[in-house]
Q: 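Would you mind keeping the following structure in view while I ask a few things?
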Amino acid sequence: MTVAYLGGIAARSERFMRDHWARAKGFTDDAALLASARTEEAAHVADQRAAGLDLLSPALTRWEDLLRPLCDGKGVAVGALTRYFETNTFYRQPTITGPPAPPTGWDAAFQLPRDTPWVLTLPSPWDAAVRSRDERNTKPAALALEIAAALRPVVDAAVERGAQLIRFHDPSILYRRAGLRDAAALAESLGVAARGHERVCTLHLTNGDPYAFPDVLQGNPLGGLSIEDAGRSPPAGLRLANGTRLSLAIVRGGDSLVEDPAALARRARDLAGSLGLEAWGLTNGWDLDHVPHAIAQRKVAALGKARLLLKEVTA
């Protein structure tokens with residue numbers, strides 16, 4: 001049965017953003033902001049449950065971007081405000097000062113109900129490497145392996161806490177203007193980060209045409225692959241392993257247009273069929289924090305409805 005799930009950072013409500021502003025201005029304290037964050041997280045869980053999603057995604061209320069948890073460990077500092085590719089959004093560029101240590105506070109960034117199947121989104125080691133500034137001038141492939149080693153304990157701990165899916169998000173490897181692209185380095189670093197848990201890990205690709213770089217898809221060492229709609233058929237020579245857990249990122253997190261669930265279901269059927277695989281999962285592409293909170297809620301509902309309709313359109 002196809003599952004539906006979200007990944008990445010959730011859209012913030014206006015209430016939570018006001019509380020953030022109040023804390024930044026000194027009108028409230030850390031305890032009040034944490035209480036507000038817990039309310040936000042509970043509401044995000046409720047929205048996903050109401051939509052009938054199968055795996056819950058934490059809101060990640062204390063992460064401003066997916067690279068931020070790396071800065072919880074030694075060897076990585078929060079750096080300069082940096083443009084997110086060609087968008088009007090920004091992230092704090094990690095500054096590497098020494099060998100990255102495993103993040104220590106990643107699990108304080110959210111709270112989920114106990115005994116709940118859930119999914120954790122982490123940065124791919126390659127994306128983190130090419131978008132960080134390394135004061136040691138380490139080559140990206142070597143830095144990706146260091147970051148992978150730092151993320152591996154997080155993967156171990158998340159699986160121990162019941163995570164049924166670890167999603168490594170990489171928006172860099174397919175980027176058409178990427179200054180450096182190394183599919184082999186991506187694959188090697190993913191293998192290090194996921195070692196022992198490859199089956200429950202997936203490579204989530206956004207920000208480009210996945211069919212333009214088939215070596216990235218075919219070199220993926222993880223059990224799962226998550227791609228967006230390329231708007232065209234896959235190349236004739238593309239071959240994915242029969243056991244690949246294919247997730248289709250059919251809900252566009254960077255687009256404020258709310259998708260029609262029936263159209264999503266039909267497109268998911270066609271995409272999976274073109275690759276010769278069944279759809280294991282339906283999910284979002286970019287994180288939903290790129291759209292207003294009210295729009296994000298409607299997209300979550302559309303995703304849940306699309307999963308229910310998929311069985312009908314494939315019958």
Side-chain angles (χ1 to χ4, degrees), residues 7-9 30 33-34 37 41 57-82 84 90-112 118-163 165-173 180 182 184-204 221-222 287 289:
I9 299 173
D30 289 340
L33 182 59
L34 179 59
E41 292 157 9
S57 177
L60 303 178
T61 53
R62 298 178 65 182
W63 295 1
E64 281 73 20
D65 54 70
L66 278 180
L67 300 180
R68 193 62 59 92
L70 293 172
C71 303
D72 284 340
K74 296 180 179 179
V76 187
V78 178
L81 196 65
T82 306
Y84 211 143
F90 298 83
Y91 69 98
R92 289 286 182 180
Q93 185 181 44
T95 299
I96 312 295
T97 58
T104 56
W106 69 272
D107 55 347
F110 57 86
Q111 183 170 301
L112 284 171
W118 63 290
V119 52
L120 176 64
T121 301
L122 295 172
S124 92
W126 175 255
D127 178 59
V130 297
R131 292 204 285 137
S132 296
R133 184 174 70 86
D134 192 334
E135 294 183 344
R136 308 165 303 162
N137 294 318
T138 307
K139 291 186 180 300
L143 178 57
L145 290 177
E146 290 185 340
I147 293 172
L151 289 176
R152 184 176 171 186
V154 176
V155 175
D156 291 340
V159 172
E160 185 177 349
R161 287 182 51 180
L165 181 65
I166 308 294
R167 188 174 87 151
F168 289 99
H169 185 186
D170 196 306
S172 296
I173 196 75
L180 181 63
D182 191 333
L186 168 67
E188 185 179 8
S189 62
L190 287 172
V192 170
R195 188 166 298 155
H197 303 295
E198 292 88 350
R199 184 61 183 165
V200 299
C201 292
T202 195
L203 170 59
H204 179 63
L222 307 180
D287 298 359
D289 69 332

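By convention here, the first residue in the shown sequence is residue 1. Model, not experiment: these values are computed from the prediction.
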Q: Can you confirm whether L66 sits close enough to T121 that some side-chain heavy atom of one is under 4.5 Å from a side-chain heavy atom of the other?
A: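 Yes; the side chains approach each other to less than 4.5 Å.
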Q: For residues S189 and A148, report the shortest heavy-atom separation together with the two atoms involved.
A: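 Nearest pair, atom of S189 first, then A148: O-CB, 3.1 Å.
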Q: Taking all non-hydrogen atoms of both residues into account, name the closest pair between V76 and P100 and its distance.
A: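 The pair with the smallest heavy-atom distance is CG2-CB, 3.8 Å.
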Q: Can you measure from CG (D65) to CG (L60) and round to the nearest 0.5 angstrom?
A: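 Nearest 0.5 Å value for the CG-CG distance: 11.0 Å.
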Q: Is there a donor-acceptor contact under 3.5 Å from the side chain of S132 to the main chain of A129?
A: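 Judged by distance alone, no pair lies under 3.5 Å.
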Q: Under the salt bridge (charged side-chain N to carboxylate O under 4.0 Å, His left out) rule, what pairs show up with a residue in residues 119-133, not counting sequence neighbours?
A: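 Listed by first then second residue: D127-R131, R133-E135.
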Q: Keeping the roles fixed (side chain from R167, backbone from G7), state whether a donor-acceptor pair exists under 3.5 Å.
A: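 Such a contact is found between R167 side chain and G7 backbone.
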Q: Would you check if the side chain of E198 reaches a backbone N or O of G196 as a donor-acceptor pair within less than 3.5 Å?
A: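 Yes; at least one donor-acceptor contact below 3.5 Å.
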Q: What verdict does the side-chain contact (heavy atoms from CB on, under 4.5 Å) test give for L143 and V130, after you've listed the backbone C-alpha separation in whole Å, the side-chain angles of each residue and the deciding distance to 0.1 Å?
A: CA-CA 9 Å; L143 178 57; V130 297; over 6 Å; no
Q: Going by side chain to side chain donor-acceptor pair (under 3.5 Å), name the pairs with one or both residues in residues 90-103, residues two or more places apart or in two chains.
A: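 Every candidate side chain to side chain donor-acceptor pair (under 3.5 Å) pair involving residues 90-103 fails, so no pair, neighbours aside, qualifies.
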Q: Excluding sequence neighbours, so at least two apart, what forms salt bridge (charged side-chain N to carboxylate O under 4.0 Å, His left out) with R161?
A: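 Partners of R161 under the salt bridge (charged side-chain N to carboxylate O under 4.0 Å, His left out) test: D107.
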Q: Once rounded to the nearest 0.5 Å, what's the spacing between atom CG of L190 and atom CG of L145?
A: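 Reported to 0.5 Å precision, the distance equals 10.5 Å.
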Q: Considering all heavy atoms of both residues, which atom of P153 and which atom of A150 are nearest to each other, and what is their separation?
A: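 That would be CD-O, 3.3 Å.
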Q: Could you state the interatomic distance from CG (D170) to OG (S124), rounded to the nearest 0.5 Å?
A: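 Going from the CG atom of D170 to the OG atom of S124 covers 3.0 Å.
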Q: To the nearest 0.5 angstrom, please state how far the CD atom of Q111 sits from the OG1 atom of T61.
A: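 Here the rounded value is 9.5 Å.
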Q: Under the criterion side-chain contact (heavy atoms from CB on, under 4.5 Å), which of L165, I166, L222 is the partner of T202?
A: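 Single pass found, and it is L165.
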Q: Can you list the residues that meet the salt bridge (charged side-chain N to carboxylate O under 4.0 Å, His left out) rule with D182, with sequence neighbours excluded?
A: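 Expected list: none.
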Q: Not counting sequence neighbours, which residues clear ring-ring contact (aromatic ring centres under 6.0 Å, His included) with W118? List them please.
A: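 So W118 forms a ring-ring contact (aromatic ring centres under 6.0 Å, His included) with F110.
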Q: Is there a side-chain contact between E146 and R136, using heavy atoms and a 4.5 Å cut-off?
A: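 They are in contact (side-chain heavy atoms under 4.5 Å apart), so the answer is yes.
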Q: Side chains of W126 and L180: does their closest heavy-atom pair fall under 4.5 Å?
A: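 With C-beta onward as the side chain, the pair touches.
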Q: Identify the two heavy atoms, one from R195 and one from D156, that lie closest to each other, and give their separation to 0.1 Å.
A: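 Smallest heavy-atom distance, with atoms named: O-OD1, 4.5 Å.
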Q: Mind checking what makes ring-ring contact (aromatic ring centres under 6.0 Å, His included) contact with H204, not counting sequence neighbours?
A: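 Partners of H204 by the ring-ring contact (aromatic ring centres under 6.0 Å, His included) criterion, ordered by chain and then number, come out as H169.
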Q: To the nearest 0.5 Å, how far apart are CG in L112 and OG in S57?
A: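 Rounded to the nearest 0.5 Å, the CG-OG separation comes to 8.0 Å.
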Q: Can you tell me how far CZ of F168 sits from SG of C201, rounded to the nearest 0.5 angstrom?
A: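 If we round to the nearest 0.5 Å, C201:SG and F168:CZ are 5.0 Å apart.
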Q: What I want to find out is whether R62 reaches E41 closely enough, with some N-O distance under 4.0 Å, to be called a salt bridge.
A: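 Looking at E41 together with R62, the answer is no, because their closest N to O distance does not fall below 4.0 Å.
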Q: If you define the side chain from C-beta out and look only at heavy atoms, does anything of I147 sit under 4.5 Å from L151?
A: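 Touching, per the 4.5 Å side-chain cut-off.
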